[in-house]
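Worksheet: one structure, shown below.
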Amino acid sequence: QVQLVESGGGLVQPGGSLRLSCVASESRWSINRMGWYRQAPGNERDLVATITTSGDTNYADSVKGRFTISRDNKQNTVYLQMNSLKPEDTAVYYCNAEVSLVDQGTLLNSYSWGQGTQVTVSS
């Protein structure tokens, strides 16, 4: 429905910062809530943060006060500013978008996922 492309991952020392970006392709689908999830080896994919089109945000307790999610609706882009990074933040980070489309009078809802970007926090 919508292609999502993440960037900005990498290797950083504990206490450092990274900024992730996710750009959504143009599409017939409307992009609603966007968010970031992460998955460490052997673990399930967990919520990191979400943001609505009006800017309402939600964060996992483990990242509150350290991570900030934002978006540019005109550019179909969502960002994740990660500060004070810890080794336990190491994971593959995935961008997610909730999308919708009215097709012949029927409202369709779906999800799109990016390919993921690796974040490694290590000294």
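Side chains included, hydrogens not; waters and symmetry mates left out as well; all remaining heavy atoms used. Numbers for residues simply follow the sequence, beginning at 1.
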**Study point:** hydrophobic_cluster_shared for Val78 and Ile31, side chain cutoff 4.5 Å
**Key:** yes

Main chain of [Y], side chain of [X]: is a donor-acceptor contact present, judged purely on distance under 3.5 Å?
| X | Y | result |
| --- | --- | --- |
| Thr117 | Gly9 | yes |
| Ser110 | Val99 | no |
| Arg71 | Ile51 | yes |
| Ser25 | Gln3 | yes |
| Asn73 | Thr53 | yes |
| Ser100 | Leu108 | no |
| Asp103 | Thr106 | no |
| Thr77 | Gln75 | yes |

*Does a salt bridge link Asp89 with Arg38, judged by any charged N lying under 4.0 Å from a carboxylate O?*
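Looking at Arg38 together with Asp89, the answer is yes, because their closest N to O distance falls below 4.0 Å.
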
Just by distance, with hydrogens left out, do Ser54 and Thr52 show a side-chain donor and acceptor under 3.5 Å apart?
->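 A donor-acceptor contact under 3.5 Å links the two side chains.
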
- Item | Pair Asn83-Ser17, side-chain donor/acceptor within less than 3.5 Å | yes

Problem set entry | Passing option when Tyr93 is tested against Arg45, Glu6, Gln39, Met82 for side-chain contact (heavy atoms from CB on, under 4.5 Å) |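 Only one option passes, and that is Met82.
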
Residues Leu85, Leu18; criterion side-chain contact (heavy atoms from CB on, under 4.5 Å); working and verdict: CA-CA 8 Å; Leu85 282 161; Leu18 282 175; 4.2 Å; yes

Heavy atoms from other residues, nucleotides or ligands near CZ of Arg33 exceed 12 (cutoff 6.0 Å)
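Open.
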
Test log, rule side-chain contact (heavy atoms from CB on, under 4.5 Å), inputs Ser122 and Gln13: CA-CA 5 Å; Ser122 175; Gln13 292 186 344; over 6 Å; no

Run Trp36 and Asn96 through side-chain contact (heavy atoms from CB on, under 4.5 Å) and show every step you take. CA-CA 6 Å; Trp36 291 93; Asn96 170 269; over 6 Å; no

inquiry  = Go through it in stages, so that I can follow the logic: the residues are Leu47 and Asn58, the test is side-chain contact (heavy atoms from CB on, under 4.5 Å), and I'd like the CA-CA distance, side-chain angles, deciding distance and then a yes or no.
reply    = CA-CA 9 Å; Leu47 169 73; Asn58 180 50; 3.5 Å; yes

Pairs flagged by ring-ring contact (aromatic ring centres under 6.0 Å, His included) wherever residues 96-123 is involved - sequence neighbours left out
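Qualifying pairs: Tyr37-Trp113.
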
